[in-house]
Amino acid sequence: MALHPQIQQVLKAMAEAKLQPIEAMTPAAARAQMAAVAKARNQHPTAVRRIEERRIPGASGGIPLRLYWPPGPAPKAAIVYFHGGGHVIGSLDTHDGVARNLCAGVGALVVSVDYRMGPEHRFPAAVEDSFAALRWTYDNAGELGIDADRLAVSGDSAGGNLAAVLAIMARDAGGPRLRLQVLVYPVTDYSFSGASYERYAEGYGVLTKAAMAWFRGHYLNSAAEAADWRASPLKAASFAGVAPAFIVTAECDVLHDDGIAYGAALRRAGVVVEHRDYAGMIHAFFGMAPMVDGAVDAQRDVVAALRRALRA
């Protein structure tokens, strides 16, 4: 299917803004560009009751968290959220809008995690920090006023990768028990095996095949680590017993087939999977609400899935 007209307008605006290809920049420059784009889009952020900055112990120093408390009654459930950005770029600020929308929409505490990234901190630093944040949320449920049995993980792109990995780690560790893993166009195979890598290699926004190679080169210590399931969760030996999944894919995205393949692997293992594919959308569309209708629909669908999973 052709690109949605609203996405065509987004791509036109990006061209007029002269955004640089990710693969042509240094990590610092790519981070700055992503931050500027996110700030421009988040002009009217959704109101939440309060935001709290925390720093928790990690394997290599403190891990910054940002806690979003919803309006209305005190939340009983929590969503541990991981931002996207190829494990190299992105931050708590770039995904502030999405975190706020999930918090207010679901009526849950959102714990947004500022995990370490490459190239300064390569694999598996991001995985270690992310699991530490999940464990902290579970261990401190009483202080936070939430039910430790009402937890979900969520993330987009690299954050979806981390959410998927954590669902496997939580199963293997005997907990925390997760009600749902929400994977928004996740990276599930760093060996780039999906046909969508060729179909949408370039011309569909900032995430090109070359950009994915750039991300992998800055995140992994070597290409051989793509065989490690903690980098490529599709490589896991078994998916039996992991949390149910809600998977979002964008039709015109190099990562489209990653999400499809992961959903199929989960289903073969008996895991309940709900999948939504958004026609004419590109990578990163999820954060384009409210200007892109498909993003509004996708966020509404994710909120509904989380509300169903996290209710008592």
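All residue numbers refer to positions in the sequence shown, counting from 1. No hydrogens, no waters, no symmetry mates; every other heavy atom, side chains included, goes into these values.
Checked options R55, R135, R116; the residue passing with D129 is R116 (criterion: salt bridge (charged side-chain N to carboxylate O under 4.0 Å, His left out)).
No continuous path of ILVMFWY side-chain contacts below 4.5 Å connects V296 to I282, so the two sit in separate hydrophobic clusters. A continuous path of hydrophobic side-chain contacts links Y200 to L11 [ILVMFWY only; heavy atoms under 4.5 Å].
A donor atom on one side chain and an acceptor atom on the other are not found under 3.5 Å apart for D257 and Y197. Remark: the Y204 side chain and the H256 side chain contain no N/O donor-acceptor pair separated by less than 3.5 Å. Side chains of D301 and Y278: a donor-acceptor N/O pair is present below 3.5 angstrom, by distance only. One side chain, H87 or N161, offers a donor N or O that lies under 3.5 Å from an acceptor on the other.
In this structure, R150 contributes its side chain and L310 its backbone to a donor-acceptor pair below 3.5 Å. At least one donor-acceptor pair closer than 3.5 Å links the side chain of D258 to the backbone N or O of T188. Not one N or O on the side chain of E251 forms a donor-acceptor pair closer than 3.5 Å with the backbone of T249. The backbone N or O of K209 sits nowhere less than 3.5 Å from a side-chain atom of E202 that would complete a donor-acceptor pair. Judged by distance alone, with hydrogens and angles left aside, the side-chain atoms of T208 form a donor-acceptor pair with the main-chain N or O of A211 at under 3.5 Å. For R179 (side chain) and D149 (main-chain N/O), a donor-acceptor pair under 3.5 Å exists by modelled atom type. Side-chain atoms of Q6 come within 3.5 Å of backbone N or O of D293 as a donor-acceptor pair.
To the nearest 0.5 Å, atoms OH (Y262) and CD (Q181) are separated by 5.5 Å.
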Candidate pair V187 and S157, rule side chain to side chain contact (heavy atoms under 4.5 Å, CB included), full reasoning
CA-CA 6 Å; V187 181; S157 195; 4.2 Å; yes
Show your reasoning for whether side-chain hydrogen bond (donor to acceptor under 3.5 Å, both in side chains) applies to Y68 and D96.
CA-CA 10 Å; Y68 295 81; D96 174 77; 2.7 Å; yes
Working note: N140 + I56, criterion side chain to side chain contact (heavy atoms under 4.5 Å, CB included); need CA distance, chi angles, decisive distance, verdict.
CA-CA 11 Å; N140 291 274; I56 65 169; over 6 Å; no
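Using a cut-off of 4.0 Å between Lys/Arg side-chain N and Asp/Glu carboxylate O, E274 and R276 are scored as salt-bridged. For the pair D114 and R66, the salt-bridge criterion is not met [side-chain N within less than 4.0 Å of a carboxylate O].
The minimum heavy-atom distance between Y115 and A126, with the atom names listed, is CD1-CB, 3.6 Å. Of all the heavy atoms in S191 and A226, the pair that sits closest is N-CB, 3.9 Å.
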Acceptor/donor pairs from residues 24-31 side chains to any protein atom, 3.5 angstrom cut, sequence neighbours excluded:
| unit_1 | atom_1 | unit_2 | atom_2 | d |
| --- | --- | --- | --- | --- |
| T26 | OG1 | A29 | N | 3.1 |
| R31 | NE | V88 | O | 2.8 |
| R31 | NH1 | E120 | OE2 | 3.0 |
| R31 | NH2 | V88 | O | 3.1 |
| R31 | NH2 | G118 | O | 3.0 |
| R31 | NH2 | E120 | OE1 | 2.8 |

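The distance between the ring centers of F82 and H95 does not fall below 6.0 angstrom.
Figure legend: R230 and F131 shown without cation-pi pairing, the cationic atom not lying both under 6.0 angstrom from the six-membered ring centre and within 45 degrees of its axis.
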